[in-house]
Amino acid sequence: MLTHPTFEALNALKLDGMAEAFAELISEDRGRSLDPVAWIGLMLDREQARRGTRRFQSRLRAANLRHGGACMEDVDYRTSRGLDRALFQSLASPDWIDRHRSVLITGPCGVGKSWLACALGHGASRADRTVLYQRLPRLFSDLELARGDGRFDRLFRKIARVDLLILDDWGPDRLTATQRRDLMEIVEERYGRRSTIVTSQLPVETWHHVIGEPTFADAILDRLVHNAYRISWMVRRCARLASTTARGPANEQDPGPGLPTGPSHAPDTASLLAGAAPGARAPPVDNPPHHRHP
């Protein structure tokens with residue numbers, strides 16, 4: 001065991017990275033050929049790397065991601081989801097979090113919405129941003145319990161102040177009056193100050209109905225949808241059911257002209273990213289936000 005006084009002093013000061021590098025240098029021949037400045041530089045590099053790793057691990061534990069192993073490097077762009085590679089890779093940079101933008105991920109069950117949201121959360125944690133994952137049904141239950149035992153203010157501050165909040169499994173149940181108020185307070189507190197990711201099986205166009213009360217719905221969606229990147233998938237069966245509902249019963253063998261025959265997107269030419277595929281929507285940059293209050 002190494003008993004060098006400098007090694008022991010570094011450990012006593014909790015400079016574990018520097019102590020580890022010092023032990024390696026004095027036990028190797030290459031350490032004798034380095035000048036003191038090089039020794040200090042190597043030791044500081046090791047300490048900085050060790051502390052960065054510890055901070056990342058701490059942020060990742062606090063995020064409580066549903067898919068802790070999800071990361072941007074493992075996203076498979078070859079599947080038939082139609083995920084736009086350019087758009088999603090642009091989200092690997094924390095710039096959109098620093099600009100307080102949001103991401104809305106919608107599509108049918110099983111396409112990987114939660115996994116993609118957790119991959120974005122993992123990337124944000126690596127970029128030294130705080131992240132918190134919450135399933136909306138569980139979040140509403142926790143807020144209700146916290147209101148009863150006096151923890152509401154502390155829990156609300158935690159939700160409101162985190163750099164990136166992931167709200168998973170929006171809908172399909174309609175919100176109660178208490179849930180509407182809680183959601184309104186969360187999005188109002190975070191709007192223009194923090195970033196939010198929302199995942200849902202329901203298209204954004206139906207969220208107004210899920211919220212229920214029109215005044216609250218207008219205010220909440222104004223803050224969620226404005227300046228948000230939208231990633232959505234539509235499968236053939238969903239499109240056929242929607243068309244049948246609008247036109248009445250139709251021949252099941254003939255889905256009708258104009259319906260997609262595979263993964264497709266509803267383009268939004270007013271907010272498409274330059275070079276992005278239809279369905280990969282970017283928020284408008286120049287339009288000022290329009291506030292509505294319940």
Side-chain angles (χ1 to χ4, degrees), residues 55-56 58-68 70-72 88 91-107 112-147 151-171 175 178-202 204 207 210-211 216-217 219-232 283 289 291:
R55 285 197 304 270
F56 166 65
S58 177
R59 287 191 299 270
L60 205 57
R61 286 193 299 269
N64 196 29
L65 299 176
R66 180 177 182 179
H67 303 283
C71 61
M72 300 291 290
F88 200 75
L91 299 177
S93 168
D95 291 344
W96 64 278
I97 299 176
D98 296 338
R99 290 183 284 118
H100 313 309
R101 300 295 176 86
S102 297
V103 177
L104 311 180
I105 306 176
T106 59
K113 301 182 299 295
S114 299
W115 194 96
L116 290 177
C118 289
L120 290 172
H122 185 277
S125 296
R126 264 192 320 203
D128 203 17
R129 306 303 191 274
T130 55
V131 181
L132 180 63
Y133 171 92
Q134 291 280 346
R135 289 188 64 253
L136 261 175
R138 179 62 180 271
L139 174 60
F140 288 138
S141 298
D142 290 345
L143 289 172
E144 188 66 27
L145 290 174
R147 185 177 281 106
R151 295 181 298 108
F152 182 84
D153 289 341
R154 184 174 62 183
L155 178 58
F156 182 83
R157 285 196 300 270
K158 177 182 178 181
I159 295 168
R161 293 178 180 178
V162 71
D163 293 329
L164 176 61
L165 176 65
I166 301 175
L167 298 177
D168 198 9
D169 288 344
W170 169 284
L175 303 184
T178 301
Q179 292 171 347
R180 281 194 295 268
R181 287 194 300 271
D182 289 342
L183 183 59
M184 179 64 213
E185 290 300 321
I186 291 172
V187 298
E188 171 64 26
E189 187 69 21
R190 296 182 59 81
Y191 180 69
R193 302 182 182 95
R194 301 289 189 271
S195 294
T196 306
I197 297 177
V198 181
T199 74
S200 176
Q201 296 185 38
L202 305 175
V204 175
W207 290 6
V210 173
I211 296 172
F216 272 96
I220 291 172
L221 292 180
D222 182 55
R223 290 157 177 78
L224 276 180
V225 178
H226 178 75
N227 284 347
Y229 295 94
R230 294 173 60 177
I231 302 173
S232 61
H291 294 284

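Basis for what follows: all heavy atoms, side chains included, without hydrogens, waters or symmetry-related copies.
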Backbone of V131 reached by a side-chain donor or acceptor of R59 within 3.5 Å: no

Distance (rounded to the nearest 0.5 Å) between L120 CG and W115 CH2: 9.5 Å

Nearest heavy-atom neighbours spanning D169 and P137: O-CD, 3.8 Å

Any side-chain heavy-atom pair of L224 and Y191 under 4.5 Å: no

Under 3.5 Å: donor-acceptor pair, side chain of D163, backbone of T130: yes

W207 side chain near I220 side chain, heavy-atom distance below 4.5 Å: no

Nearest-0.5 Å distance, NE2 of residue H67 to OH of residue Y133: 6.5 Å

Donor-acceptor pair, side chain of S195 and main chain of R101, under 3.5 angstrom: yes

Heavy-atom side-chain proximity of T196 to I186 below 4.5 angstrom: no

Under 3.5 Å donor-acceptor, R190 side chain and A160 backbone: yes

Residue pair R161 / E189, side-chain heavy-atom distance below 4.5 Å: no

Side chain to side chain, S58 and R55, heavy atoms closer than 4.5 Å: no

From CG (L167) to CZ (R135), nearest 0.5 Å: 11.5 Å

Residues D142, R138; criterion salt bridge (charged side-chain N to carboxylate O under 4.0 Å, His left out); working and verdict: CA-CA 6 Å; D142 290 345; R138 179 62 180 271; 3.3 Å; yes

F88 CZ to I105 CD1 distance, which is reported to the nearest 0.5 Å: 6.0 Å

Min side-chain heavy-atom separation L65-H122 under 4.5 Å: yes

Check: R230 side chain, L104 main-chain N or O, donor-acceptor pair, under 3.5 Å: no

Validation row: L91, I231 side chains within 4.5 angstrom (heavy atoms): yes

Closest non-hydrogen atom pair, L132 against V162: N-CG2, 3.7 Å

W96 CH2 to D98 CG distance, which is reported to the nearest 0.5 Å: 10.0 Å

Shortest non-hydrogen contact from A119 toward C71: CB-C, 3.8 Å

Closest contact, heavy atoms only, T106 versus K113: C-CD, 3.7 Å

L136 backbone acceptor or donor facing W170 side chain under 3.5 Å: no

Over all atoms of both residues, closest heavy-atom pair of D168 and R66: OD2-NH1, 3.6 Å

Minimal non-hydrogen separation, F140 against L175, with atom names: CE1-CD2, 3.7 Å

CD1 on I159 to CG on L139, rounded to 0.5 Å: 4.5 Å

